[in-house]
**Student:** 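This structure is in structure tokens; I'll ask about it shortly.
By convention in this document, chain letters (A, B, ...) are assigned in the order of the sequence lines, proteins followed by strands, and residues within each chain are numbered from 1. Values below: all heavy atoms of this structure, side chains included; hydrogens, waters and symmetry mates excluded.
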Protein chains: 2
Amino acid sequence: MKSDMNSRVSKPKAPLELADAHAKGLHSIGEAAKLTGLTAKMIRHYESLGLVTPTDRTFANYRVYQTRDIHLLRFIKSARDLGFSMKQIAILASLWQDSARSSAEVKKLALEHIQEMDERIHSLQQMRKALSDLAGRCHGDERPDCPILDAIACNSCHNTD
Amino acid sequence: MKSDMNSRVSKPKAPLELADAHAKGLHSIGEAAKLTGLTAKMIRHYESLGLVTPTDRTFANYRVYQTRDIHLLRFIKSARDLGFSMKQIAILASLWQDSARSSAEVKKLALEHIQEMDERIHSLQQMRKALSDLAGRCHGDERPDCPILDAIACNSCHNTD
DNA sequence: CTTGACCTTACCACCATGGTAAACCTTAAC
DNA sequence: GTTAAGGTTTACCATGGTGGTAAGGTCAAG
């Protein structure tokens with residue numbers, strides 16, 4: 001079943017055996033995962049989002065990643081580590097691959113993301129401060145009296161009806 | 001169909017008409033929503049989590065909320081506003097309703113939540129700083145050169161294979 | 001009796017990630 | 001050559017908190 005298909009060696013565009021792919025410096029999804037710090041699961045997920053589609057598969061339908069794909073996966077990983085959403089990353093990746101981009105476009109995206117993070121930080125800090133003020137007033141002992149519960153229960157004691 | 005069921009007036013435990021419920025100071029889910037600042041949707045969701053289950057329904061199967069329920073819904077709302085997860089809120093609510101609680105239990109939960117928020121704040125601040133450093137070095141003009149993309153693409157330029 | 005506002009349940013969606021299962025493939029050891 | 005281990009495939013379900021929608025029942029006012 002394999003031996004009569006050995007024309008694969010002379011036709012690079014046709015599906016490959018895994019060993020051939022290795023010999024050509026191509027990577028399976030597991031190797032891609034190790035090389036990028038992503039999980040195979042997430043690599044498939046990014047493919048389903050249309051971000052990274054390996055151009056080839058082996059005869060056994062295994063994904064085959066090229067060096068270019070590995071670079072793109074690393075790009076995605078780094079952008080995720082900076083907190084960008086997948087939608088933002090899709091745009092960033094297309095800008096990255098567009099040699100005619102303007103750095104202004106990229107910077108705009110970055111500044112928007114910074115502002116989103118600022119808002120989340122601010123909101124967290126507000127909650128943190130409110131709760132930590134309450135915790136500071138709570139004895140934290142065996143008694144049931146608790147300013148934390150009091151405040152949550154009654155944060156603006158209206159009538160109920 | 002309704003008139004032969006008027007025994008409902010003399011049996012408070014039986015399902016009510018909506019008008020009867022109103023007359024008793026009870027509330028529909030829409031009113032509960034207005035009184036608490038939650039949406040009807042979320043009130044049903046909290047019920048599905050086992051947090052707030054109205055003890056009665058009308059003949060027409062409408063949820064009927066008592067003053068006690070409204071208080072509990074407000075408690076949930078306030079705790080959400082402090083960033084507590086639903087799991088934490090379930091515990092907080094049971095502590096709130098347990099007169100034999102110790103304030104130490106509540107404080108412990110609060111301190112844990114504060115620490116979670118600290119971690120999220122720290123992580124966001126790290127990402128924010130990294131990105132804002134990069135943005136500061138980006139011209140943001142018509143040229144394609146962009147330190148932001150460079151850094152994302154090459155954040156630790158290893159060989160790919 | 002109609003109309004509009006409300007209520008009911010039961011779905012699907014988000015976002016990024018993890019998990020599982022069943023089937024298949026590859027490789028190495030025996 | 002068979003087998004066992006481990007990698008890969010697809011296809012599902014789950015998280016958490018919220019939003020939406022659809023199809024149907026109910027209530028109140030005109």
**Student:** In whole angstrom, what separates B/H27's NE2 from D/dC27's C1'?
**Tutor:**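 Distance, rounded to whole Å: 18 Å.
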**Student:** Quick test of your reading: applying salt bridge (charged side-chain N to carboxylate O under 4.0 Å, His left out), list the pairs with at least one residue in residues 126-141 of chain B, sequence neighbours left out, ordered by first then second residue.
**Tutor:** A/D118-B/R128, B/K129-B/D133, B/D141-B/R143
**Student:** Please pick, from C/dA16, D/dG19, D/dG17, the nucleotide with the shortest atom-to-atom distance to any side-chain atom of B/R80.
**Tutor:**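 Taking heavy atoms from C-beta onward, the closest nucleotide is D/dG17.
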**Student:** Consider side chain to side chain contact (heavy atoms under 4.5 Å, CB included). Of A/T36, A/I43, A/L72, A/T55, which one does A/Y65 pass it with?
**Tutor:**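 It is A/I43, the one option of A/T36, A/I43, A/L72, A/T55 that forms the side chain to side chain contact (heavy atoms under 4.5 Å, CB included) with A/Y65.
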**Student:** Which part of the nucleic acid, if any, lies within contact of A/Y46, taking any heavy atom under 4.0 Å across all strands shown: a base, the sugar-phosphate backbone alone, or nothing?
**Tutor:** sugar-phosphate
**Student:** Distance check needed: D/dT8 P versus A/Y65 OH, whole Å only.
**Tutor:** 10 Å
**Student:** Report the distance from atom CG of B/D81 to atom C1' of D/dG17, rounded to the nearest whole Å.
**Tutor:**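 Distance check: B/D81 CG to D/dG17 C1' gives 13 Å.
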**Student:** Any donor-acceptor pair under 3.5 Å linking the side chain of A/S103 with the backbone of B/C146?
**Tutor:** no
**Student:** Collect all protein-nucleotide pairs involving nucleotides 6-11 of chain C in which both atoms are nitrogen or oxygen and the distance is under 3.5 Å.
**Tutor:**
unit_1	atom_1	unit_2	atom_2	d
C/dC7	OP1	B/S28	OG	2.9
C/dC7	OP1	B/G30	N	2.6
C/dT8	OP1	B/R63	N	2.6
C/dT8	OP1	B/R63	NH1	3.0
C/dT8	OP2	B/R44	NE	3.1
C/dT8	OP2	B/R44	NH2	2.9
C/dT8	OP2	B/R63	NH1	3.3
C/dT8	O5'	B/R63	NH1	3.4
C/dT9	OP1	B/R57	NH1	3.3
C/dT9	OP1	B/R57	NH2	3.4
C/dT9	OP2	B/R63	NH1	2.9
C/dT9	OP2	B/R63	NH2	2.8

**Student:** What is the distance, rounded to the nearest whole Å, between atom CZ of B/F84 and atom C1' of D/dG16?
**Tutor:** 17 Å
**Student:** B/K87 has a side chain; which of D/dG16, C/dA16, D/dG17 sits nearest to it?
**Tutor:**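 The answer is D/dG16.
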**Student:** Given side chains that start at C-beta, do those of A/M42 and A/R80 come closer than 4.5 Å, heavy atoms only?
**Tutor:** no
**Student:** State whether the side chain of A/R74 and the backbone N or O of A/L35 hold a donor-acceptor pair below 3.5 Å, judged by distance alone.
**Tutor:** yes
**Student:** Show which side-chain atoms of residues 106-116 of chain B pair as donor or acceptor with protein atoms under 3.5 Å away, not counting sequence neighbours.
**Tutor:**
unit_1	atom_1	unit_2	atom_2	d
B/K107	NZ	A/A135	O	3.4
B/K107	NZ	A/C138	O	2.8
B/K108	NZ	B/E112	OE2	3.0
B/H113	NE2	B/L82	O	2.9
B/H113	NE2	B/G83	O	3.2
B/H113	NE2	B/F84	N	3.4
B/Q115	NE2	B/E119	OE2	3.4
B/E116	OE1	B/Q88	NE2	3.4
B/E116	OE2	B/Q88	NE2	3.4

